[in-house]
Amino acid sequence: MKDFLNDIKQALLTGVSYMLPFVVAGGILVAIGFAGGGAVAVTESQTGFWSRIFWWGKDAFGLMVPVMAAYVAFSIGDKPAILPGMVAGVIADAIGGGFLAGLIGGIIAGYIVRALKKLPIPVMLRSLLPTLIIPVISTLAIGFVMGIVLGGPIAAINNTMLEFLSGMTGSSLIILGLIQGMMLAFDLGGPVNKAAYAFALAAMEAGNYAPMAANFVASMVPPLAIGIAMLVVKKKFTESERSATAGCIVGGMAMISEFAIPFAVGKPWLYVPCFMAGGAVSAILSYLFGCTMQAPHGGIFVIGLCNRPLMLLLALLIGSAVSAALVLAFKKAPTPEEEAVS
């Protein structure tokens with residue numbers, strides 16, 4: 001059991017290390033595209049200068065989960081595990097599973113490859129093991145696990161959460177904000193997050209713009225909170241993590257919650273509850289302040305479409321401060337091993 005836990009810890013650190021450049025570079029390009037072209041940049045048919053920058057960033061950003069899953073698998077199963085690990089990440093994105101599904105897939109892919117290496121096959125066929133047998137069997141196996149075994153439950157979670165939120169529209173604003181904020185900050189683009197976002201979109205189409213305002217601040221809290229925490233107490237983060245400080249702040253302002261994924265992957269038991277607490281606080285305050293938002297995305301770059309922009313920013317800052325304070329309260333300084341991996 002101890003060896004298994006050490007494997008997982010090392011895999012998480014490795015996955016984060018390789019994923020971080022994709023998150024930072026891609027996210028900043030997306031933010032620049034938003035800043036230059038505003039909401040126009042979100043339509044892929046646009047071919048203007050700012051739209052191109054936006055979509056180049058989206059392309060880099062889209063590799064985040066596959067790369068993370070590939071190198072989580074690599075840490076466990078070595079080079080032959082990169083292929084099935086990356087396939088696991090691609091399928092995780094395709095089924096809407098987000099980084100959590102990619103993380104699970106990468107771990108499974110790594111252990112599948114490790115098991116295949118121990119197959120008792122004839123000596124004359126061993127040369128085919130790394131070039132044919134392992135790639136084909138491991139990719140087939142991880143495709144089955146991700147696409148068939150996990151795909152159905154993830155879709156069911158998404159639908160169940162959406163129905164649950166939709167049934168709460170007449171409930172207390174505090175309860176609605178609490179649940180919506182926690183869902184948005186839970187898996188940072190995964191099925192739970194997507195269900196909350198779909199609820200906000202559905203409410204928007206019905207003429208209720210308050211849930212979208214709550215969606216904005218709760219989605220912006222995780223990366224902004226990490227950026228604030230790293231500015232306030234640098235020594236609690238590795239040098240590699242601190243290099244993402246500016247990216248997290250920019251990503252938070254641009255409503256790109258995925259900037260916080262490398263941290264959530266590395267220590268989900270620490271960061272995810274802190275993100276959920278700040279997300280819930282910000283969403284509750286957004287409802288209580290009476291904020292509405294008539295844009296589906298864009299962060300502060302579309303703040304002019306909010307009826308009470310200053311109050312929305314206040315809700316965001318308070319929620320981010322809560323998450324940052326919790327992270328700093330519970331996070332320990334990095335170990336030499338963590339510094340070395342980063």
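When all heavy atoms of G181 and A283 are compared, the pair lying nearest together is CA-CB, 3.8 Å. Scanning both residues, M293 and C306, for their nearest heavy atoms gives CE-CB, 3.5 Å. The two atoms that bring G299 and F216 nearest to each other are N-CE2, 3.4 Å, heavy atoms only. Residues M19 and V265 come closest through the heavy atom pair CE-CG2, 4.1 Å. Contact detail for V72 and A11: the closest heavy-atom pair is CG2-O, 3.5 Å. The two atoms that bring A264 and V272 nearest to each other are CB-CG2, 4.2 Å, heavy atoms only.
Connection of V221 to V232 is established within a shared hydrophobic cluster, with ILVMFWY side chains joined at heavy-atom distances below 4.5 Å, either directly or through further cluster members. Linking Ile, Leu, Val, Met, Phe, Trp and Tyr residues whenever their side-chain heavy atoms come within less than 4.5 Å leaves I82 and L129 in two separate clusters. Criterion: ILVMFWY side-chain heavy atoms under 4.5 Å apart, direct or through other members. Under it, L288 and L310 are not part of a common hydrophobic cluster. F74 and M68 are members of different hydrophobic clusters when ILVMFWY side chains are connected at heavy-atom separations under 4.5 Å. Under the 4.5 Å side-chain contact rule for hydrophobic residues, L317 and M230 do not share a cluster.
When side chains are defined from C-beta on, M276 counts as touching F186, because their heavy atoms get closer than 4.5 Å. Contact check for D59 versus L63: no side-chain heavy atoms found under the 4.5 Å cut-off. Residues Y197 and M212 have side chains in contact (heavy-atom distance under 4.5 Å, counting atoms from C-beta outward). Annotation: side chain of F54 is not in contact with side chain of L29 (no heavy-atom distance under 4.5 Å). Between Y271 and I226 there is a side-chain heavy-atom pair separated by less than 4.5 Å. Using a 4.5 Å heavy-atom cutoff, the side chains of V281 and I318 are in contact. Between L119 and L116 the shortest side-chain heavy-atom distance falls below 4.5 Å.
In this view, Y18 and Y71 satisfy the ring pair (Phe, Tyr, Trp, His ring centres under 6.0 Å) rule, not counting sequence neighbours. Every residue two or more places apart in sequence or in another chain that forms a side-chain contact (heavy atoms from CB on, under 4.5 Å) with M311 is listed here: F289, C291, R308, L314. Not counting sequence neighbours, the partners of Y287 by the side chain to side chain donor-acceptor pair (under 3.5 Å) test are Q180. By the side chain to side chain donor-acceptor pair (under 3.5 Å) test, N307 is found to be paired with T292, residues two or more places apart in sequence or in another chain being considered.
Cation-pi geometry between K267 and F330 is not satisfied (NZ or CZ under 6.0 Å from the ring centre, within 45° of the ring normal).
Other residues, nucleotides and ligands contribute only 12 or fewer heavy atoms inside 6.0 Å of the NZ atom of K58.
Side chain of K331 to main chain of K236: a donor-acceptor pair is present (N/O by atom type, distance under 3.5 Å, no hydrogens or angles). In this structure, the side chain of K117 engages the main chain of G77 through a donor-acceptor pair within 3.5 Å. When atom types are taken as modelled, the side chain of S282 and the backbone of G279 share a donor-acceptor pair closer than 3.5 angstrom.
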Would you give me the side-chain donor-acceptor pairs under 3.5 Å for residues 90-115, sequence neighbours excluded?
residue : atom : partner : partner atom : Å
Y111    : OH   : D7      : OD2          : 3.3
R114    : NE   : I76     : O            : 3.3
R114    : NH1  : D7      : OD2          : 3.0
R114    : NH2  : D7      : OD2          : 3.4
R114    : NH2  : I76     : O            : 3.0

Which atom pairs, one a donor and one an acceptor, fall under 3.5 Å between side chains of residues 134-146 and the rest of the protein, sequence neighbours left out?
residue : atom : partner : partner atom : Å
S138    : OG   : I134    : O            : 2.5
S138    : OG   : P135    : O            : 3.4
T139    : OG1  : P135    : O            : 2.7

Side-chain donor-acceptor pairs under 3.5 Å in residues 20-28, sequence neighbours left out?
none

Which donor-acceptor pairs under 3.5 Å do the side chains of residues 243-261 make with protein atoms, sequence neighbours left out?
residue : atom : partner : partner atom : Å
S243    : OG   : S240    : O            : 2.5
T245    : OG1  : R242    : O            : 2.7

Considering only distance and modelled atom types, tabulate donor-acceptor pairs under 3.5 Å from the side chains of residues 319-327, sequence neighbours left out.
residue : atom : partner : partner atom : Å
S320    : OG   : L316    : O            : 2.8
S323    : OG   : C274    : O            : 2.6
S323    : OG   : G278    : N            : 3.2

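Going from atom CD1 of I284 over to atom CD1 of I175 covers 9.5 Å, rounded to the nearest 0.5 Å. Atoms CZ and CG, on F275 and L184 in that order, are 13.5 Å from each other to the nearest 0.5 Å. The CG atom of L312 lies 10.5 Å from the CG atom of L285; values are rounded to the nearest 0.5 Å. With rounding to the nearest 0.5 angstrom, the CG atom of L178 is 11.5 Å from the CE atom of M183.
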